[in-house]
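One structure below.
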Amino acid sequence: MIDLKFHCDIDASALAVETSAAKNLLEEIKADKMADWLTLPDNFDESELDHIKKAAEKIKENSDFLVCIGVGGSYLGHKAIIDALSSRIKSNTKILYAGNSASTISLQAVLDEIGDKDFSINVISKSGTTTEPAIAFRIFKEKLFEKYGENEAFSRIYATTDGEVGALHDEALYNHYERFVIPNGIGGRYSVLTAVGLLPLAVAGVDIDELLAGAREEAVSGVFDEIFKYAASRHILRSRNYDVEVLASFEPCLESLGKWWQQLFGESEGKENKGIFPAIATYTTDLHSLGQYMQQGRPNILETVLSFRENPMPKFTNRVEPDIKIPKMPDNVDGLGYLEGKELGFVNEKAKEATITAHAKHIPVFELELQDLSEKSLGNLIYFFELACAISAKFEQVNPFDQPGVEAYKNEMFRLLGKPEN
């Protein structure tokens, strides 16, 4: 479970009022046709889960790489978890990403890494017509055809898409791609715990049962007090003109998690000239660049720091020590004699404590504490943020599940590219 700690003054009576309001907003969310993610962890279709696991084993047996083609919610969630667990998960198949930009450099890098090795494709798109992934899918399909021939190429394509309609659905049905369904009641940025995320995660070696168990733990407890308080506190601070939130961690492997969080909150809240702008920081690295601003810049920022009750350093079976110790040096030229024999995790923990103390003198700071860096704890956090985000958007009186502004750039891009009108 996730614990919320305040390192700032939040008026207790105001917090009680807004927390009560958050509970009422939850009832509104439950009634929304796009809120099926609320009960998904406790109602996941066992046959679909078995299908995902079997497909993952097949991919791991015949592929050095799985190319995940998708943009936004179609890739950010599973990339966040894979990167977070990268130091301890093991798989013979590496996950590569394509179709999340229009960059030639990025796409060519993926093609070069694959080279002549074996690969499969997981194309993830509700419609199949989103420009960036559709282009990438064409390119990697061509590479599959050239390498394997049409029949085997089709057997190496896994389509995660709408269950009934759409260009990708129709293509997958016609060519007999192995198919996985994106549920109608779950939007892209809330979809990481569906086949959208679970197939790539299973291929990467993530224990998807534990991930779902963590989300289920948050979902079925029926006690959302910490989630309500987080959403309510954000709303209180937003009313006091804190309009930027920085999600910070002291583990670089959580940077992709920050990008998933950024899309979740940015697309859900940022409408009608409302919402808190989501930004991310990785400490201690960014303390040497953003630290000055955080402590003495415009005081319109609230900071949420991710932390752990247990040392997040993975305890590998072939390691005697769970952490790296600072070695002794006889001359002490670097002045670190006082740290000799101490673990690096100890230094990182003290840096976290010092940062919170320093920043809290200038801006409001929250701390979200996970048990550890594991699948179960990440499942806790994913569900925590999804529900907190939906409630936060409701506080702003905007729809948490649409993204009308995203269409503006697409329409202008289509005009510049000369796309024919329907």
Within the supplied structure, the quantity of interest is the number of heavy atoms (other residues, nucleotides, ligands) at a distance under 6.0 Å from K259 NZ; does it exceed 12? no
More than 12 foreign heavy atoms under 6.0 Å from NZ of K117: is that the case here? no
Option among I82, I59, N92 that satisfies the side-chain contact (heavy atoms from CB on, under 4.5 Å) test with V203: I59
Can you confirm whether more than 12 heavy atoms, excluding those of I105, are under 6.0 Å from its CD1 atom? no
Check whether any side-chain heavy atom of I276 sits under 4.5 Å from a side-chain heavy atom of F265, and report yes or no. no
Kindly say whether S374 contributes a backbone atom to a donor-acceptor pair with the side chain of S377 at under 3.5 angstrom? no
Check whether any side-chain heavy atom of L381 sits under 4.5 Å from a side-chain heavy atom of L257, and report yes or no. yes
Here the pair of heavy atoms bringing V398 nearest to E269 is CG2-O, 3.9 Å
What I want to find out is whether E353 reaches K350 closely enough, with some N-O distance under 4.0 Å, to be called a salt bridge. yes
Give me each pair satisfying ring-ring contact (aromatic ring centres under 6.0 Å, His included) with a member in residues 42-87, each pair once, sequence neighbours excluded. H51-F180, Y75-Y97, H78-Y97
Hey, does K410 have a side-chain heavy atom less than 4.5 Å from the side chain of T131? no
Test F119 against L144 for side-chain contact (heavy atoms from CB on, under 4.5 Å), laying out the working first. CA-CA 8 Å; F119 74 102; L144 278 180; 3.5 Å; yes
Taking everything shown except K271 itself, do over 12 heavy atoms lie less than 6.0 Å from its NZ? yes
Where the side chain of N332 meets the backbone of L336, is there a donor-acceptor pair that is under 3.5 Å apart? yes
Given side-chain contact (heavy atoms from CB on, under 4.5 Å), test L15 with F6 step by step and report yes or no. CA-CA 12 Å; L15 182 59; F6 292 107; 4.2 Å; yes
Could you tell me whether E369 and R309 make a salt bridge, using a distance below 4.0 angstrom between a side-chain N and a carboxylate O? yes
Looking at F395, Y230, F228, Y242, which one forms a ring pair (Phe, Tyr, Trp, His ring centres under 6.0 Å) with H235? F395
Main-chain N/O of D64 paired with D118 side-chain donor or acceptor, under 3.5 Å: no
Just by distance, do the side chain of E226 and the backbone of L4 share a donor-acceptor pair under 3.5 Å? yes
Tell me if a side-chain donor or acceptor on D32 pairs with a main-chain N or O of M34 at a distance below 3.5 Å. yes
Got a salt bridge between K54 and E57, using NZ or NE/NH1/NH2 to carboxylate O under 4.0 Å? no
Using only atom types and a distance under 3.5 Å, with no angle test, would you say the side chain of T161 pairs donor to acceptor with the backbone of S125? yes
CG (D9) with more than 12 external heavy atoms under 6.0 Å: no
Identify the residue among I95, L111, I114, N122 that makes a side-chain contact (heavy atoms from CB on, under 4.5 Å) with V67. I114
Do other residues, nucleotides or ligands put more than 12 heavy atoms under 6.0 Å from E412 CD? yes
To the nearest 0.5 Å, what is the distance between CD1 (I2) and CG (N380)? 5.0 Å
Please check if the number of heavy atoms outside E27 that lie under 6.0 Å from its CD is greater than 12. yes
Hey, does E217 have a side-chain heavy atom less than 4.5 Å from the side chain of M1? yes
Shortest non-hydrogen contact between F385 and L264, atoms and distance: O-CD2, 3.6 Å
Would you call K352 and E367 a side-chain contact if the rule is heavy atoms closer than 4.5 Å? yes
Going through the checks in order, is the side-chain contact (heavy atoms from CB on, under 4.5 Å) test met by R179 and H169? CA-CA 8 Å; R179 289 182 295 136; H169 166 271; 3.8 Å; yes
Can you tell me if OH on Y409 sees more than 12 non-hydrogen neighbours from other groups inside 6.0 Å? yes
Got a second to check how far K60's NZ is from K58's NZ, nearest 0.5 Å? 14.5 Å
What are the two closest non-hydrogen atoms of G205 and S91, and how far apart are they? N-CB, 4.1 Å
Report yes if the side chains of D209 and K53 come closer than 4.5 Å at any heavy-atom pair, otherwise no. yes
Taking all heavy atoms of I391 and all of A231, pick out the closest pair and write down the distance. CG2-CB, 3.7 Å
Shortest non-hydrogen contact from Y190 toward P400: OH-O, 3.6 Å
Pair D323, F346 - check side-chain contact (heavy atoms from CB on, under 4.5 Å), show working. CA-CA 9 Å; D323 205 336; F346 170 80; over 6 Å; no
If we only count heavy atoms from C-beta on, is the S120 to N62 side-chain gap below 4.5 Å? yes
Do the non-hydrogen side-chain atoms of L193 and R216 ever get within less than 4.5 Å of each other? no
Flag, side chain of D286 to backbone of T282, donor-acceptor distance under 3.5 Å: yes
Report yes or no: does S103 contribute a side-chain atom to a donor-acceptor pair with the main-chain N or O of S106 at less than 3.5 Å? yes
Between the side chain of E18 and the main-chain N/O of S233, is any donor-acceptor distance below 3.5 Å? no
Does any N or O in the side chain of E375 come within less than 3.5 Å of the main-chain N or O of D207, such that one atom is a donor and the other an acceptor? yes
What are the two closest non-hydrogen atoms of L254 and S249, and how far apart are they? CB-OG, 3.6 Å
